[in-house]
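Everything below concerns the one structure shown next.
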Amino acid sequence: MSRLDIDPRAKRMSVHEMSAAILAAIRDADADLQRRLSAIMTETFGGGLDRALGDPDTARAKVAEAQQAFDRMMGDAMGELDRMRRKLGY
């Protein structure tokens with residue numbers, strides 16, 4: 001996602017309602033991030049960390065791969081939050 005569309009009806013919302021809606025959107029985005037991260041970790045570690053830990057070199061490589069995927073996702077999430085902040089004038 002690379003843009004934020006605010007429905008014109010949002011102008012009729014109180015500050016409290018707008019804050020609640022934004023926080024709900026952030027919670028939803030965080031939940032989505034957690035689901036994606038969990039899927040990546042399962043895929044990366046083949047469903048279990050114990051198997052990867054049997055071979056330290058493989059485990060290190062898998063952890064580095066997972067860290068890179070996490071960093072990419074966090075960068076995307078932070079970029080979206082920053083765009084939302086700018087759009088809202090903060």
If the condition is salt bridge (Lys or Arg N to Asp or Glu O under 4.0 Å), which residues does R27 pass it with, not counting sequence neighbours? none
Other residues, nucleotides, ligands: >12 heavy atoms within 6.0 Å of R9 CZ: no
Using the rule that Ile, Leu, Val, Met, Phe, Trp and Tyr join whenever any side-chain heavy atoms are under 4.5 Å apart, tell me whether M84 and L23 fall into a single cluster. no
How many angstroms lie between CD in Q67 and CZ in R72, if you round to the nearest 0.5 Å? 10.5 Å
In Å and rounded to the nearest 0.5 Å, what is the CG to CE distance from L37 to M74? 9.5 Å
Out of curiosity, R36 CZ to D76 CG, how far, rounded to the nearest 0.5 Å? 8.0 Å
Can a donor-acceptor pair be found, under 3.5 Å and without considering hydrogens, that links the side chain of Q68 to the backbone of E65? no
Applying salt bridge (Lys or Arg N to Asp or Glu O under 4.0 Å) to R12 and not counting sequence neighbours gives none
Spacing of CG belonging to L81 relative to CD1 belonging to I22, to within rounding of 0.5 Å: 10.5 Å
In the structure I gave you, are the side-chain heavy atoms of K11 and I6 within less than 4.5 Å of one another anywhere? no
